[in-house]
2 protein chains.
Amino acid sequence: MAANILLVEDEPGIQELLKFNLTQAGHQVTAASDAEHALTFLKSTLPDVILLDWMLPGMSGIDLCRRLRSDERYQPIPIIMLTARGEERDKVLGLDSGADDYITKPFSPRELVSRIKAVLRRRAPQMTDDPVEINGLRLDPASHRVVGNGQPLELGPTEFRLLHFFMTHPERVYSRTQLLDQVWGDDVFVEERTVDVHIRRLRLALEPSRHAELIQTVRGSGYRFSAEVG
Amino acid sequence: MAANILLVEDEPGIQELLKFNLTQAGHQVTAASDAEHALTFLKSTLPDVILLDWMLPGMSGIDLCRRLRSDERYQPIPIIMLTARGEERDKVLGLDSGADDYITKPFSPRELVSRIKAVLRRRAPQMTDDPVEINGLRLDPASHRVVGNGQPLELGPTEFRLLHFFMTHPERVYSRTQLLDQVWGDDVFVEERTVDVHIRRLRLALEPSRHAELIQTVRGSGYRFSAEVG
DNA sequence: GCGCCGGTGTCATAAATCAGTCATACTGCT
DNA sequence: AGCAGTATGACTGATTTATGACACCGGCGC
């Protein structure tokens with residue numbers, strides 16, 4: 001699960017407490033005390049989740065949230081808003097800032113951690129280590145194993161990540177560029193055609209259990225992982 | 001199992017009783033009558049488990065628990081809260097304060113001992129001295145012996161701990177860093193590649209009984225202990 | 001004190017595996 | 001047929017892991 005989390009919270013005590021709890025839950029936490037620091041940090045690093053306090057000195061959490069949502073680069077990052085009791089939940093929701101979830105103080109660390117997991121599962125399923133199974137093809141991130149109809153399949157690191165991404169995002173076409181971003185990482189500079197090669201390697205690896213056809217070519221668009229025919 | 005236990009309990013009678021029972025069960029017990037004494041003790045020694053009475057003079061058990069949880073040094077130590085009957089409502093609070101378990105007075109010594117064992121197992125399964133056996137490979141922490149298909153195997157201290165960790169955490173990949181943290185300890189600064197060497201030594205040690213293949217390399221990720229093929 | 005010894009960590013090197021690129025063959029579509 | 005997009009096989013440098021050797025350390029007996 002181990003996610004990189006940006007925590008934006010001005011109150012030192014709460015900041016420490018949350019940082020501690022999240023670290024204990026296996027996450028990597030960076031804390032910022034206001035919107036400015038948060039933005040500065042975001043220029044250099046993209047976290048997996050952002051925890052945003054509603055009340056912040058200077059630019060409020062809501063404003064920051066809106067601003068992040070309007071920037072394509074930050075758009076895919078899940079945001080969880082931290083709100084204090086008394087700030088009517090409905091009101092907060094009504095202001096719809098584009099956050100993925102809201103959580104009201106006081107909350108238990110346990111709840112926060114599970115909300116983070118939930119949000120990750122929704123936005124970036126390949127980050128969780130839940131096993132995935134489709135059509136008899138099973139991939140388990142924890143043990144780093146792939147099994148097709150009971151038969152163990154061998155695949156290299158990149159093919160493993162590629163398959164994991166596909167299995168957590170089935171029935172949808174991804175362009176080569178999107179796959180490079182998602183599976184290789186945004187910062188990598190690689191030929192688009194390289195994707196073809198790894199798709200081929202993945203198909204070869206899945207062939208022994210007849211699962212190669214789950215990887216489908218969509219001419220002119222990219223590739224798709226699908227249990228459907230065609 | 002022999003764990004070092006810090007018991008924080010203000011009532012002398014109960015303190016004595018618990019101390020006696022736990023000592024009887026083979027544990028090393030240190031008693032503190034309040035949070036201050038507990039903290040003083042903790043500055044010099046880190047126990048394996050902390051038993052914390054909910055009601056304490058001065059700083060309450062819950063506060064102490066929170067405080068301990070906010071200190072990185074004490075973070076990994078399991079805490080069991082002792083609560084009186086009728087404080088049921090506070091049970092949730094106790095858990096949210098970061099305690100690992102709670103137990104309601106009055107309780108039997110037997111129950112307490114088994115909860116301690118359970119908590120240790122959860123936090124650090126390799127700390128208990130229950131024998132582990134997988135695929136004819138048997139490791140007994142109590143006697144510090146490893147036997148493969150009836151044949152005694154010789155392994156050094158580090159290899160023993162490594163194998164113990166693996167056998168208590170099978171079917172899961174661990175990175176070199178994780179293994180260093182878990183088997184060597186967080187405070188050790190050792191080259192990551194050192195893990196490779198010990199993996200090799202462990203494999204050599206397991207070879208005589210053909211158990212070397214239980215230690216599997218997952219390229220790009222780390223190592224895995226598994227009874228499965230591949 | 002001295003040398004032996006098992007245990008550890010580090011390194012250099014070999015071996016294994018992988019990633020990315022390219023040239024070329026193939027495919028479907030107009 | 002011609003074109004654009006894809007598949008495939010081969011190649012090479014790079015990365016990752018395995019292995020053997022070695023130096024260091026603390027304990028121990030002499």
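Computed over heavy atoms, backbone and side chain alike; hydrogens, waters and symmetry mates excluded. All chains are named by letter (A, B, ...) in the order of the sequence lines, taking the proteins before the strands, and each is independently numbered beginning at 1.
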Rounded to whole Å, NE2 of B/His144 lies from P of C/dG7 at a distance of 11 Å

Please report, rounded to the nearest Å, how far the P atom of C/dT8 is from the CG atom of B/Leu202.
12 Å

Using a heavy-atom cut-off of 4.0 Å across all strands, would you classify B/Tyr223 as base, sugar-phosphate, or nothing?
sugar-phosphate

With a 4.0 Å cut-off on N to O distance, would you call A/Asp100 and A/Arg69 a salt bridge?
yes

I'd like to know if the side chain of A/Asp140 and the backbone of A/Ala142 have a donor-acceptor N/O pair within less than 3.5 Å.
yes

On DNA chain D, more 5' by nearest nucleotide between A/Arg219 and B/Arg203 is A/Arg219

Take the protein atom CD of B/Glu154 and the nucleotide atom P of C/dG7, then report the distance between them rounded to whole Å.
9 Å

Sugar-phosphate only, base, or nothing, as touched by A/Val218 at under 4.0 Å among non-hydrogen atoms
sugar-phosphate

For the pair A/Asp48 (side chain) and A/Asn4 (backbone), establish whether a donor and an acceptor sit closer than 3.5 Å, ignoring hydrogens and angles.
yes

With nearest nucleotide decided by heavy atoms, which residue, A/Leu155 or A/Val190, maps closer to the 5′ end of DNA chain C?
A/Leu155

Atom-pair distance (CG on A/Asp196; P on D/dA10), nearest Å:
18 Å

Under 4.0 Å between a side-chain N or O of A/Thr194 and OP1 or OP2 of C/dT21?
yes

Is the distance between the ring centroids of A/Phe166 and A/Tyr223 under 6.0 Å?
no

Please write out the pairs of protein N or O atoms and N or O atoms of nucleotides 20-22 of chain D separated by less than 3.5 Å, giving the distance to one decimal.
unit_1: D/dG20; atom_1: OP2; unit_2: B/Arg200; atom_2: NH2; d: 3.3

Any salt bridge linking B/Glu207 with B/Arg210? Criterion: basic side-chain nitrogen under 4.0 Å from a carboxylate oxygen.
yes

A/Glu191 CD to C/dT21 C1', in whole Å, measures 8 Å

Determine the contact category for B/Phe160: base if any of its heavy atoms lies under 4.0 Å from a base atom, sugar-phosphate if only primed atoms, P, OP1 or OP2 are that close, otherwise nothing.
nothing

Residue pair A/Ala32 / A/Ala38: nearest heavy atoms and the distance that separates them:
CB-N, 3.7 Å

Rounded off to whole Å, could you give me the CD1-to-P distance for the A/Ile215 and D/dT6 pair?
15 Å

Base, sugar-phosphate, or nothing for A/Thr158, non-hydrogen atoms under 4.0 angstrom?
sugar-phosphate

Without decimals, in angstroms, what is the distance between A/Arg176 CZ and D/dA7 C1'?
10 Å

Just checking B/Glu192: base, sugar-phosphate only, or nothing, at a heavy-atom cut-off of under 4.0 Å?
nothing

Between D/dG5 and A/Thr217, is there an OP1 or OP2 to side-chain N/O distance shorter than 4.0 Å?
no

Tell me whether the side-chain N/O atoms of B/Trp184 come closer than 4.0 Å to OP1 or OP2 in C/dT8.
no

Using OP1 and OP2 only, check whether a side-chain N or O of B/Arg193 sits under 4.0 Å from D/dT17.
yes

What's the CG-P distance between A/Leu179 and C/dA19, to the nearest Å?
15 Å

Test item: A/His169 side-chain N/O and A/Arg224 main-chain N/O as donor-acceptor pair under 3.5 Å
no

Take B/Leu180 and B/Val195 through the test side chain to side chain contact (heavy atoms under 4.5 Å, CB included) and record every step on the way to the result.
CA-CA 7 Å; B/Leu180 283 177; B/Val195 175; 3.7 Å; yes

